[in-house]
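Letters A, B, ... mirror the listed sequences (proteins, then strands); counts begin at 1.
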2 protein chains.
Amino acid sequence: MSLLEAAGLSISEAAERTSLTVHTLRYYEREGLMLGPVDRSSSTHRRYSEADITWVVFLSRLRSTAMPIARIREYVALVRRGDDTTQERLALLTAHRQTVLATLDEVRTSLAAIDYKIAAYSKGNPVS
Amino acid sequence: MSLLEAAGLSISEAAERTSLTVHTLRYYEREGLMLGPVDRSSSTHRRYSEADITWVVFLSRLRSTAMPIARIREYVALVRRGDDTTQERLALLTAHRQTVLATLDEVRTSLAAIDYKIAAYSKGNPVS
DNA sequence: CTAAAACCTAGAGTGCGCTCGAAGTCAAAT
DNA sequence: ATTTGACTTCGAGCGCACTCTAGGTTTTAG
């Protein structure tokens, strides 16, 4: 960190803030998942703004709900296009929400079956 | 299906019953995920018993809660070993249960963030 | 000024879970 | 008996999301 405290975070600081690795941050950028180009400090090194961090955190939320990289790219394209693509963005997120709910449901159902077996084992029942 | 109605299902029937493909059924077997060898009808063709189907369905539950193939293989090894490995099996399932609960929690948290953004879009707020 | 640490790009490699293709065998219907 | 379609094995191929390597440049601490 320089004495003149540059505006923005280095990539390793960004990595720490977002719980991603520097590799993954560069990868996401290469894949076109950043809303705009990340600033470069007086040279070639990336400087992440708070807005960048906020976005990456949201991006991570999309990933942790299993939105594919390609779909995130579509969303980003809409944001970049600007001039009222808000309905499309809303539709995209709403559709994603539905698939997440469906997945949650399936996981809960499966978990119930697993719990059932756990209960059987706990009671010493013969199960496999 | 023969006239003498063979005992057990063909692989394609098993696929239908379990919502897997025949490819996946063979793959799982190759990977050592079946509790024992699947019967072969008067020749080389697989015949799935009801017990086989029951197991594959449970196996699918483990998979849909993201248990890795390798861990399922460990579980299967315990079942095969028999002579009271029930405590280990219980431990394995219980540990898995914890990771599923943790994942569910993370997904729910992420979904809340997504819902928040959906709400913002719905209200016509400026968001990305 | 110099050395060490952090950064850069481009491209290759990895791990997982399937998924498919080729080449051949078997079974059910005509 | 023959054709059609389902089955077999073995191994290769694929899609996804990272993850790492190599070789070079930049920054920062001393």
Side-chain angles (χ1 to χ4, degrees), chain A residues 1-34 37-48 52 56 59-76 99 103 106 110, chain B residues 1-34 37-48 52 56 59-76 99 103 106 110:
Chain A
M1 185 88 22
S2 82
L3 282 178
L4 299 174
E5 189 56 44
L9 307 175
S10 70
I11 193 168
S12 62
E13 289 165 335
E16 205 167 336
R17 282 280 299 277
T18 59
S19 308
L20 297 175
T21 67
V22 297
H23 295 295
T24 303
L25 283 171
R26 290 198 200 97
Y27 167 69
Y28 283 171
E29 187 176 345
R30 251 191 296 168
E31 291 298 312
L33 305 191
M34 295 305 289
V38 176
D39 279 2
R40 300 291 174 131
S41 73
S42 68
S43 66
T44 57
H45 292 194
R46 292 170 179 81
R47 299 269 96 181
Y48 290 83
D52 288 332
V56 172
L59 163 42
S60 293
R61 305 280 197 212
L62 295 178
R63 286 296 303 127
S64 71
T65 53
M67 184 183 284
I69 299 292
R71 188 108 18 106
I72 299 177
R73 195 167 21 235
E74 291 172 29
Y75 181 83
V76 168
T99 77
T103 304
E106 201 199 335
S110 294
Chain B
M1 184 88 21
S2 81
L3 281 179
L4 299 174
E5 187 59 41
L9 308 175
S10 71
I11 193 166
S12 62
E13 291 165 334
E16 204 167 337
R17 281 281 298 277
T18 61
S19 308
L20 297 175
T21 67
V22 297
H23 296 294
T24 302
L25 282 171
R26 292 199 199 97
Y27 167 68
Y28 283 172
E29 187 176 347
R30 251 191 296 168
E31 291 298 313
L33 305 191
M34 296 305 287
V38 175
D39 279 1
R40 299 293 174 130
S41 73
S42 67
S43 65
T44 57
H45 293 194
R46 292 171 179 78
R47 297 269 97 176
Y48 290 81
D52 288 332
V56 173
L59 164 42
S60 293
R61 304 281 197 212
L62 295 177
R63 286 294 306 127
S64 73
T65 54
M67 183 184 284
I69 299 290
R71 186 103 23 100
I72 299 176
R73 190 160 32 227
E74 292 171 29
Y75 181 82
V76 168
T99 76
T103 304
E106 202 199 335
S110 293

Please report the distance, rounded to the nearest Å, between [atom1] in [X] and [atom2] in [N].
| X | N | atom1 | atom2 | value |
| --- | --- | --- | --- | --- |
| A/Arg26 | D/dA17 | CZ | P | 20 Å |
| B/Ile11 | D/dT8 | CD1 | C1' | 9 Å |
| A/Tyr27 | C/dT14 | OH | C1' | 13 Å |
| A/Leu9 | C/dC7 | CG | C1' | 15 Å |
| A/His45 | C/dA6 | NE2 | P | 12 Å |
| A/Glu13 | C/dA5 | CD | C1' | 14 Å |
| A/Met67 | D/dC18 | CE | P | 14 Å |
| B/Leu25 | C/dG17 | CG | P | 16 Å |

- Query: Say you draw a straight line from OG of B/Ser10 to CZ of B/Arg46; how long is it, rounded to the nearest 0.5 Å?
  - Reply: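 It is 11.5 Å, given to the nearest 0.5 Å.
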- Enter the distance from B/Ile72:CD1 to B/Arg63:CZ here, rounded to the nearest 0.5 Å.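 So the gap between those two atoms works out to 5.5 Å.
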- Which heavy-atom pair separates B/Leu25 from B/Ile11 by the least distance, and what is that distance?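 The answer is CD1-O, 3.6 Å.
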So, is [X] near the phosphate of [N], with a side-chain N or O under 4.0 Å from OP1 or OP2?
| X | N | value |
| --- | --- | --- |
| A/Tyr28 | D/dA17 | no |
| A/Ser43 | C/dC8 | no |
| A/Ser12 | C/dC7 | yes |
| B/Arg30 | C/dC18 | no |
| B/Arg40 | C/dC26 | no |

- Task: Map A/Pro68 and A/His23 onto DNA chain D by nearest heavy atom, then report which one ends up closer to the 5' terminus.
- Result: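 Here A/Pro68 is the residue nearer the 5' end.
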- Message: Let's see if you can work this out: which of C/dC26, D/dT19, D/dA17 has an atom nearest to the side-chain heavy atoms of A/Thr24?
- Response: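 Nucleotide nearest to A/Thr24's side chain: D/dT19.
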- Query: Taking the side chain of B/Arg46 as its heavy atoms from C-beta onward, which of D/dG11, D/dT8, D/dT26 lies nearest to it?
  - Reply: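 Of all the options, the side chain of B/Arg46 is nearest to D/dT8.
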- Message: Any heavy-atom pair between the side chains of A/Ile69 and A/Tyr27 that's under 4.5 Å?
- Response: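 Side-chain contact under 4.5 Å: yes.
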- Message: Under 4.0 Å between a side-chain nitrogen and a carboxylate oxygen: does that hold for B/Arg40 and B/Glu29?
- Response: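 Salt bridge between B/Arg40 and B/Glu29, a charged N being under 4.0 Å from a carboxylate O: yes.
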